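Below is one structure, written out as C-alpha coordinates, with a few remarks after it.
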Protein chains: 4
Amino acid sequence: MKVHADLCVIPLGAGVSVGQYVAECQRVLRDSGLTHQLHAYGTNIEGDWDEVMAAIKQCHERVHALGAPRISTTLKLGTRTDRAQSLQDKIDSVKSKLDQ
Amino acid sequence: MKVHADLCVIPLGAGVSVGQYVAECQRVLRDSGLTHQLHAYGTNIEGDWDEVMAAIKQCHERVHALGAPRISTTLKLGTRTDRAQSLQDKIDSVKSKLDQ
Amino acid sequence: MKVHADLCVIPLGAGVSVGQYVAECQRVLRDSGLTHQLHAYGTNIEGDWDEVMAAIKQCHERVHALGAPRISTTLKLGTRTDRAQSLQDKIDSVKSKLDQ
Amino acid sequence: MKVHADLCVIPLGAGVSVGQYVAECQRVLRDSGLTHQLHAYGTNIEGDWDEVMAAIKQCHERVHALGAPRISTTLKLGTRTDRAQSLQDKIDSVKSKLDQ
(Lines give C-alpha, C1' and ligand atoms only; values in the text may rest on other atoms or scores of the structure.)
Protein backbone atom coordinates (compact mmCIF):
# COMPACT_ATOMS: atom_id res chain seq x y z
CA MET A 1 0.00 0.00 0.00
CA LYS A 2 1.44 3.34 -1.11
CA VAL A 3 0.90 6.40 1.06
CA HIS A 4 1.27 10.16 0.79
CA ALA A 5 2.17 11.63 4.17
CA ASP A 6 2.51 15.14 5.46
CA LEU A 7 4.65 15.15 8.60
CA CYS A 8 5.03 17.94 11.15
CA VAL A 9 7.07 17.04 14.26
CA ILE A 10 6.81 19.52 17.17
CA PRO A 11 9.26 19.01 20.07
CA LEU A 12 8.06 20.24 23.50
CA GLY A 13 10.28 21.17 26.40
CA ALA A 14 13.05 21.88 23.92
CA GLY A 15 12.98 25.66 23.68
CA VAL A 16 11.35 27.98 21.20
CA SER A 17 13.63 27.28 18.23
CA VAL A 18 13.07 23.83 16.85
CA GLY A 19 14.98 24.00 13.57
CA GLN A 20 17.67 21.56 14.68
CA TYR A 21 15.03 18.91 15.37
CA VAL A 22 13.34 19.46 12.03
CA ALA A 23 16.76 19.19 10.36
CA GLU A 24 17.34 15.86 12.12
CA CYS A 25 14.08 14.56 10.66
CA GLN A 26 15.22 15.69 7.22
CA ARG A 27 18.38 13.61 7.68
CA VAL A 28 16.26 10.58 8.60
CA LEU A 29 14.17 11.05 5.47
CA ARG A 30 17.20 11.62 3.26
CA ASP A 31 18.82 8.44 4.59
CA SER A 32 15.55 6.51 4.09
CA GLY A 33 15.67 7.04 0.34
CA LEU A 34 11.98 8.03 0.36
CA THR A 35 10.78 10.81 -1.95
CA HIS A 36 10.14 13.82 0.26
CA GLN A 37 9.76 17.58 0.02
CA LEU A 38 10.17 20.08 2.87
CA HIS A 39 7.66 22.94 3.04
CA ALA A 40 7.22 25.72 5.57
CA TYR A 41 4.89 23.76 7.89
CA GLY A 42 5.93 20.14 7.41
CA THR A 43 7.31 17.64 4.94
CA ASN A 44 5.54 15.67 2.23
CA ILE A 45 6.65 12.03 2.01
CA GLU A 46 5.73 9.41 -0.57
CA GLY A 47 6.32 5.67 -0.48
CA ASP A 48 5.38 2.27 0.79
CA TRP A 49 3.26 2.50 3.98
CA ASP A 50 5.65 0.45 6.13
CA GLU A 51 8.75 2.32 4.96
CA VAL A 52 7.15 5.71 5.53
CA MET A 53 5.99 4.68 9.01
CA ALA A 54 9.43 3.30 9.88
CA ALA A 55 10.97 6.65 8.96
CA ILE A 56 8.43 8.55 11.07
CA LYS A 57 9.14 6.32 14.07
CA GLN A 58 12.85 6.97 13.58
CA CYS A 59 12.16 10.72 13.54
CA HIS A 60 10.56 10.45 16.99
CA GLU A 61 13.44 8.33 18.29
CA ARG A 62 16.09 10.72 16.95
CA VAL A 63 14.35 13.89 18.18
CA HIS A 64 14.08 12.37 21.66
CA ALA A 65 17.74 11.31 21.47
CA LEU A 66 18.69 14.90 20.62
CA GLY A 67 17.16 15.99 23.92
CA ALA A 68 13.48 16.76 23.41
CA PRO A 69 11.55 15.09 26.27
CA ARG A 70 8.20 15.33 24.50
CA ILE A 71 6.95 15.39 20.91
CA SER A 72 3.56 16.14 19.41
CA THR A 73 3.39 15.24 15.73
CA THR A 74 0.65 16.03 13.26
CA LEU A 75 0.51 13.62 10.35
CA LYS A 76 -1.76 13.41 7.33
CA LEU A 77 -1.94 10.07 5.51
CA GLY A 78 -3.46 9.64 2.08
CA THR A 79 -4.07 6.28 0.42
CA ARG A 80 -6.05 5.39 -2.68
CA THR A 81 -6.91 2.19 -4.49
CA ASP A 82 -8.37 3.64 -7.69
CA ARG A 83 -5.11 4.70 -9.32
CA ALA A 84 -1.45 5.54 -8.77
CA GLN A 85 -0.60 9.18 -8.16
CA SER A 86 2.64 10.89 -7.18
CA LEU A 87 3.04 13.96 -4.96
CA GLN A 88 3.93 15.94 -8.08
CA ASP A 89 0.81 14.64 -9.90
CA LYS A 90 -1.34 16.22 -7.20
CA ILE A 91 0.30 19.63 -7.58
CA ASP A 92 0.17 19.42 -11.39
CA SER A 93 -3.53 18.49 -11.30
CA VAL A 94 -4.46 21.55 -9.23
CA LYS A 95 -2.29 23.87 -11.30
CA SER A 96 -3.79 22.65 -14.57
CA LYS A 97 -7.29 23.34 -13.21
CA LEU A 98 -6.19 26.82 -12.11
CA ASP A 99 -5.13 27.68 -15.65
CA GLN A 100 -8.51 26.73 -17.10
CA MET B 1 8.01 3.54 22.89
CA LYS B 2 4.50 4.36 24.09
CA VAL B 3 2.34 6.70 22.01
CA HIS B 4 -0.86 8.66 22.40
CA ALA B 5 -2.64 8.95 19.07
CA ASP B 6 -5.67 10.85 17.87
CA LEU B 7 -7.00 9.24 14.70
CA CYS B 8 -9.50 10.70 12.23
CA VAL B 9 -10.05 8.65 9.07
CA ILE B 10 -11.91 10.44 6.24
CA PRO B 11 -13.05 8.28 3.29
CA LEU B 12 -13.36 10.07 -0.07
CA GLY B 13 -15.47 8.99 -2.99
CA ALA B 14 -17.69 7.11 -0.53
CA GLY B 15 -20.64 9.46 -0.15
CA VAL B 16 -21.46 12.07 2.43
CA SER B 17 -22.25 9.73 5.34
CA VAL B 18 -19.13 8.05 6.62
CA GLY B 19 -20.39 6.53 9.87
CA GLN B 20 -20.08 2.95 8.64
CA TYR B 21 -16.39 3.48 7.90
CA VAL B 22 -15.75 5.04 11.28
CA ALA B 23 -17.58 2.11 12.90
CA GLU B 24 -15.32 -0.32 11.01
CA CYS B 25 -12.26 1.45 12.48
CA GLN B 26 -13.81 1.12 15.94
CA ARG B 27 -14.07 -2.65 15.35
CA VAL B 28 -10.39 -2.75 14.37
CA LEU B 29 -9.45 -0.91 17.54
CA ARG B 30 -11.70 -3.06 19.73
CA ASP B 31 -10.16 -6.22 18.28
CA SER B 32 -6.66 -4.80 18.77
CA GLY B 33 -7.08 -4.70 22.53
CA LEU B 34 -5.62 -1.17 22.60
CA THR B 35 -7.08 1.40 25.01
CA HIS B 36 -9.14 3.81 22.92
CA GLN B 37 -11.91 6.36 23.28
CA LEU B 38 -14.17 7.65 20.51
CA HIS B 39 -14.94 11.38 20.46
CA ALA B 40 -16.95 13.48 18.02
CA TYR B 41 -13.99 14.23 15.69
CA GLY B 42 -11.74 11.21 16.04
CA THR B 43 -10.54 8.50 18.41
CA ASN B 44 -7.83 8.65 21.07
CA ILE B 45 -5.63 5.55 21.16
CA GLU B 46 -2.93 4.62 23.66
CA GLY B 47 -0.34 1.89 23.46
CA ASP B 48 2.93 0.63 22.10
CA TRP B 49 3.98 2.54 18.95
CA ASP B 50 4.13 -0.52 16.69
CA GLU B 51 0.79 -1.90 17.87
CA VAL B 52 -0.95 1.45 17.42
CA MET B 53 0.53 1.86 13.94
CA ALA B 54 -0.48 -1.69 12.97
CA ALA B 55 -4.07 -0.91 13.98
CA ILE B 56 -4.07 2.33 11.97
CA LYS B 57 -2.77 0.50 8.90
CA GLN B 58 -5.52 -2.07 9.33
CA CYS B 59 -8.10 0.75 9.52
CA HIS B 60 -6.96 1.96 6.07
CA GLU B 61 -7.05 -1.57 4.66
CA ARG B 62 -10.53 -2.29 6.03
CA VAL B 63 -12.00 1.05 4.94
CA HIS B 64 -10.69 0.47 1.42
CA ALA B 65 -12.06 -3.10 1.53
CA LEU B 66 -15.50 -1.70 2.48
CA GLY B 67 -15.48 0.28 -0.76
CA ALA B 68 -13.85 3.66 -0.17
CA PRO B 69 -11.41 4.29 -3.05
CA ARG B 70 -9.54 7.04 -1.23
CA ILE B 71 -8.78 7.95 2.38
CA SER B 72 -7.31 11.05 3.96
CA THR B 73 -6.42 10.52 7.60
CA THR B 74 -5.37 13.11 10.14
CA LEU B 75 -3.32 11.68 12.97
CA LYS B 76 -1.71 13.25 16.03
CA LEU B 77 1.06 11.32 17.74
CA GLY B 78 2.39 12.17 21.18
CA THR B 79 5.46 10.56 22.74
CA ARG B 80 7.41 11.51 25.86
CA THR B 81 10.52 10.20 27.58
CA ASP B 82 10.28 12.14 30.84
CA ARG B 83 7.48 10.13 32.45
CA ALA B 84 4.60 7.73 31.87
CA GLN B 85 1.18 9.30 31.35
CA SER B 86 -2.15 7.77 30.37
CA LEU B 87 -4.86 9.38 28.25
CA GLN B 88 -6.94 9.75 31.42
CA ASP B 89 -4.00 11.41 33.25
CA LYS B 90 -3.99 14.17 30.63
CA ILE B 91 -7.69 14.90 31.09
CA ASP B 92 -7.39 14.77 34.90
CA SER B 93 -4.41 17.15 34.83
CA VAL B 94 -6.32 19.80 32.88
CA LYS B 95 -9.46 19.41 34.99
CA SER B 96 -7.52 19.77 38.26
CA LYS B 97 -5.99 23.02 36.96
CA LEU B 98 -9.43 24.27 35.96
CA ASP B 99 -10.71 23.81 39.50
CA GLN B 100 -7.91 25.88 40.99
CA MET C 1 -22.50 28.54 8.87
CA LYS C 2 -22.22 26.01 11.72
CA VAL C 3 -18.90 24.27 12.33
CA HIS C 4 -17.58 21.31 14.30
CA ALA C 5 -14.03 21.98 15.39
CA ASP C 6 -11.38 19.87 17.07
CA LEU C 7 -8.78 22.13 18.67
CA CYS C 8 -5.33 21.15 19.95
CA VAL C 9 -3.13 24.07 21.07
CA ILE C 10 0.56 23.24 21.61
CA PRO C 11 2.70 25.91 23.31
CA LEU C 12 6.42 25.91 22.43
CA GLY C 13 9.21 27.37 24.52
CA ALA C 14 6.98 26.92 27.56
CA GLY C 15 8.40 23.78 29.14
CA VAL C 16 7.32 20.17 28.93
CA SER C 17 4.11 20.42 30.98
CA VAL C 18 1.47 22.33 29.12
CA GLY C 19 -1.62 21.61 31.25
CA GLN C 20 -1.94 25.19 32.50
CA TYR C 21 -2.17 26.45 28.92
CA VAL C 22 -4.77 23.87 27.98
CA ALA C 23 -6.74 24.83 31.10
CA GLU C 24 -6.64 28.49 30.04
CA CYS C 25 -8.16 27.51 26.68
CA GLN C 26 -10.90 25.61 28.55
CA ARG C 27 -11.69 28.83 30.44
CA VAL C 28 -11.93 30.73 27.14
CA LEU C 29 -14.33 28.10 25.79
CA ARG C 30 -16.40 28.03 29.00
CA ASP C 31 -16.72 31.81 28.94
CA SER C 32 -17.65 31.72 25.23
CA GLY C 33 -20.81 29.75 25.95
CA LEU C 34 -19.99 27.40 23.05
CA THR C 35 -20.74 23.69 23.37
CA HIS C 36 -17.41 21.96 23.88
CA GLN C 37 -15.97 18.70 25.18
CA LEU C 38 -12.40 18.10 26.31
CA HIS C 39 -10.74 14.84 25.28
CA ALA C 40 -7.25 13.52 25.82
CA TYR C 41 -5.77 15.07 22.66
CA GLY C 42 -7.85 18.20 22.08
CA THR C 43 -11.29 19.71 22.51
CA ASN C 44 -14.37 19.38 20.32
CA ILE C 45 -16.24 22.65 19.80
CA GLU C 46 -19.59 23.24 18.10
CA GLY C 47 -21.17 26.51 17.05
CA ASP C 48 -21.38 29.37 14.61
CA TRP C 49 -18.19 29.64 12.50
CA ASP C 50 -17.38 33.21 13.54
CA GLU C 51 -17.94 32.54 17.24
CA VAL C 52 -15.82 29.40 17.19
CA MET C 53 -13.03 31.23 15.36
CA ALA C 54 -13.19 34.16 17.78
CA ALA C 55 -12.75 31.74 20.69
CA ILE C 56 -9.78 30.05 19.01
CA LYS C 57 -8.12 33.42 18.40
CA GLN C 58 -8.65 34.28 22.05
CA CYS C 59 -7.02 30.97 23.04
CA HIS C 60 -3.86 31.99 21.15
CA GLU C 61 -3.90 35.47 22.70
CA ARG C 62 -4.35 34.14 26.22
CA VAL C 63 -1.73 31.39 25.89
CA HIS C 64 0.78 33.97 24.65
CA ALA C 65 -0.25 36.30 27.51
CA LEU C 66 0.44 33.47 29.99
CA GLY C 67 4.02 33.37 28.74
CA ALA C 68 4.27 30.96 25.81
CA PRO C 69 6.33 32.66 23.08
CA ARG C 70 5.22 30.30 20.35
CA ILE C 71 2.15 28.18 19.61
CA SER C 72 1.47 25.49 17.05
CA THR C 73 -2.20 24.56 16.87
CA THR C 74 -3.80 21.70 15.00
CA LEU C 75 -7.42 22.32 14.14
CA LYS C 76 -10.00 20.24 12.31
CA LEU C 77 -13.03 22.02 10.90
CA GLY C 78 -16.16 20.25 9.69
CA THR C 79 -19.03 21.96 7.87
CA ARG C 80 -21.99 20.50 6.03
CA THR C 81 -24.89 21.92 4.07
CA ASP C 82 -26.99 18.77 3.69
CA ARG C 83 -28.33 18.61 7.25
CA ALA C 84 -27.87 19.75 10.83
CA GLN C 85 -25.83 17.46 13.09
CA SER C 86 -24.56 17.91 16.64
CA LEU C 87 -21.31 16.59 18.07
CA GLN C 88 -23.35 14.06 20.05
CA ASP C 89 -25.21 12.97 16.88
CA LYS C 90 -21.89 11.95 15.34
CA ILE C 91 -20.95 9.78 18.32
CA ASP C 92 -24.44 8.25 18.49
CA SER C 93 -24.37 7.46 14.77
CA VAL C 94 -21.12 5.51 15.03
CA LYS C 95 -22.21 3.70 18.20
CA SER C 96 -25.52 2.63 16.65
CA LYS C 97 -23.65 1.17 13.67
CA LEU C 98 -21.28 -0.65 16.02
CA ASP C 99 -24.19 -2.39 17.72
CA GLN C 100 -25.57 -3.70 14.45
CA MET D 1 -1.24 38.95 15.30
CA LYS D 2 0.54 37.28 12.37
CA VAL D 3 -0.09 33.62 11.64
CA HIS D 4 1.42 30.84 9.56
CA ALA D 5 -1.28 28.44 8.44
CA ASP D 6 -1.23 25.12 6.65
CA LEU D 7 -4.61 24.46 5.08
CA CYS D 8 -5.95 21.17 3.71
CA VAL D 9 -9.60 21.22 2.63
CA ILE D 10 -11.20 17.80 2.02
CA PRO D 11 -14.66 17.76 0.36
CA LEU D 12 -16.87 14.77 1.19
CA GLY D 13 -19.75 13.49 -0.88
CA ALA D 14 -18.10 15.07 -3.91
CA GLY D 15 -16.46 12.13 -5.58
CA VAL D 16 -12.94 10.81 -5.48
CA SER D 17 -11.23 13.56 -7.49
CA VAL D 18 -11.12 16.76 -5.53
CA GLY D 19 -8.71 18.85 -7.62
CA GLN D 20 -11.40 21.30 -8.77
CA TYR D 21 -12.22 22.13 -5.14
CA VAL D 22 -8.57 22.62 -4.23
CA ALA D 23 -8.20 24.86 -7.30
CA GLU D 24 -11.15 26.96 -6.11
CA CYS D 25 -9.39 27.48 -2.76
CA GLN D 26 -6.27 28.56 -4.64
CA ARG D 27 -8.37 31.20 -6.42
CA VAL D 28 -9.69 32.43 -3.06
CA LEU D 29 -6.13 32.73 -1.76
CA ARG D 30 -4.87 34.42 -4.92
CA ASP D 31 -7.68 36.97 -4.74
CA SER D 32 -7.00 37.54 -1.02
CA GLY D 33 -3.53 38.89 -1.73
CA LEU D 34 -2.10 36.73 1.06
CA THR D 35 1.29 35.09 0.62
CA HIS D 36 0.67 31.39 0.01
CA GLN D 37 2.36 28.33 -1.41
CA LEU D 38 0.67 25.16 -2.62
CA HIS D 39 2.29 21.85 -1.72
CA ALA D 40 1.20 18.27 -2.37
CA TYR D 41 -0.87 17.93 0.82
CA GLY D 42 -2.09 21.46 1.54
CA THR D 43 -1.23 25.12 1.21
CA ASN D 44 0.94 27.31 3.43
CA ILE D 45 -0.53 30.76 4.09
CA GLU D 46 1.06 33.72 5.86
CA GLY D 47 -0.58 36.93 7.04
CA ASP D 48 -2.67 38.75 9.58
CA TRP D 49 -4.79 36.32 11.65
CA ASP D 50 -8.14 37.85 10.69
CA GLU D 51 -7.32 38.01 6.99
CA VAL D 52 -6.12 34.42 6.90
CA MET D 53 -9.23 33.25 8.75
CA ALA D 54 -11.51 35.22 6.43
CA ALA D 55 -9.90 33.49 3.44
CA ILE D 56 -10.33 30.06 5.01
CA LYS D 57 -14.00 30.75 5.71
CA GLN D 58 -14.41 31.81 2.10
CA CYS D 59 -12.79 28.54 0.98
CA HIS D 60 -15.48 26.58 2.85
CA GLU D 61 -18.24 28.77 1.41
CA ARG D 62 -16.96 28.43 -2.15
CA VAL D 63 -16.37 24.67 -1.95
CA HIS D 64 -19.92 24.19 -0.66
CA ALA D 65 -21.19 26.50 -3.43
CA LEU D 66 -19.39 24.32 -6.00
CA GLY D 67 -21.45 21.37 -4.83
CA ALA D 68 -19.67 19.62 -1.97
CA PRO D 69 -22.22 18.94 0.77
CA ARG D 70 -19.62 18.31 3.45
CA ILE D 71 -16.06 19.46 4.15
CA SER D 72 -13.47 18.29 6.64
CA THR D 73 -10.51 20.65 6.85
CA THR D 74 -7.23 20.12 8.65
CA LEU D 75 -5.52 23.35 9.60
CA LYS D 76 -2.27 24.08 11.40
CA LEU D 77 -1.83 27.55 12.91
CA GLY D 78 1.50 28.92 14.11
CA THR D 79 1.89 32.18 16.03
CA ARG D 80 4.89 33.59 17.86
CA THR D 81 5.54 36.69 19.92
CA ASP D 82 9.33 36.46 20.22
CA ARG D 83 10.20 37.55 16.69
CA ALA D 84 8.98 37.99 13.15
CA GLN D 85 9.52 35.06 10.79
CA SER D 86 8.34 34.42 7.24
CA LEU D 87 7.41 31.08 5.70
CA GLN D 88 10.62 31.24 3.70
CA ASP D 89 12.67 31.98 6.86
CA LYS D 90 11.49 28.66 8.30
CA ILE D 91 12.60 26.69 5.26
CA ASP D 92 15.93 28.55 5.08
CA SER D 93 16.56 27.90 8.78
CA VAL D 94 16.15 24.14 8.40
CA LYS D 95 18.21 24.00 5.20
CA SER D 96 21.08 25.96 6.77
CA LYS D 97 21.17 23.48 9.66
CA LEU D 98 21.14 20.58 7.21
CA ASP D 99 24.28 21.86 5.55
CA GLN D 100 26.22 22.06 8.81
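Chain identifiers are assigned alphabetically (A, B, ...) following the order of the sequence lines, protein sequences preceding nucleic acid strands; residue numbering begins at 1 within each chain. These values consider heavy atoms only, across backbone and side chains, with no hydrogens, waters or symmetry-generated copies. If you're wondering where the values come from, they're calculated on a predicted model, not measured in any experiment.
- No other option in B:His39, B:Gln20, B:Lys90 has as many heavy-atom pairs under 4.5 Å with chain C as B:His39.
- Both the backbone and the side chain of C:Asp6 come within contact range of chain B, each with at least one heavy atom under 4.5 Å from a heavy atom of that chain.
- Neither the backbone nor the side chain of C:Ile10 comes within less than 4.5 Å of any heavy atom in chain B.
- Heavy atoms closer than 4.5 Å to chain C are found nowhere in B:Ile45, neither backbone nor side chain.
- Atoms CG and OG1, on B:Leu75 and C:Thr74 in that order, are 11.0 Å from each other to the nearest 0.5 Å.
- In this structure, the side chain of B:Tyr41 does not engage the main chain of C:Leu87 through any donor-acceptor pair within 3.5 Å.
- Counting heavy-atom neighbours within 6.0 Å of B:Gln37 CD, excluding the residue itself, gives a total of 12 or less.
- Looking at every heavy atom in both residues, C:Lys97 comes nearest to B:Gly19 through CD-C, 3.4 Å.
- Partner of B:Val94 under the side-chain contact (heavy atoms from CB on, under 4.5 Å) criterion, chosen from C:Val22, C:Val18, C:Thr43: C:Val22.
- Among B:Gln88, B:His4, B:Lys76, B:Arg80, the residue with the largest count of heavy-atom pairs under 4.5 Å with chain C is B:Lys76.
- To the nearest 0.5 angstrom, C:Cys25 atom SG is 10.5 Å from B:Leu98 atom CG.
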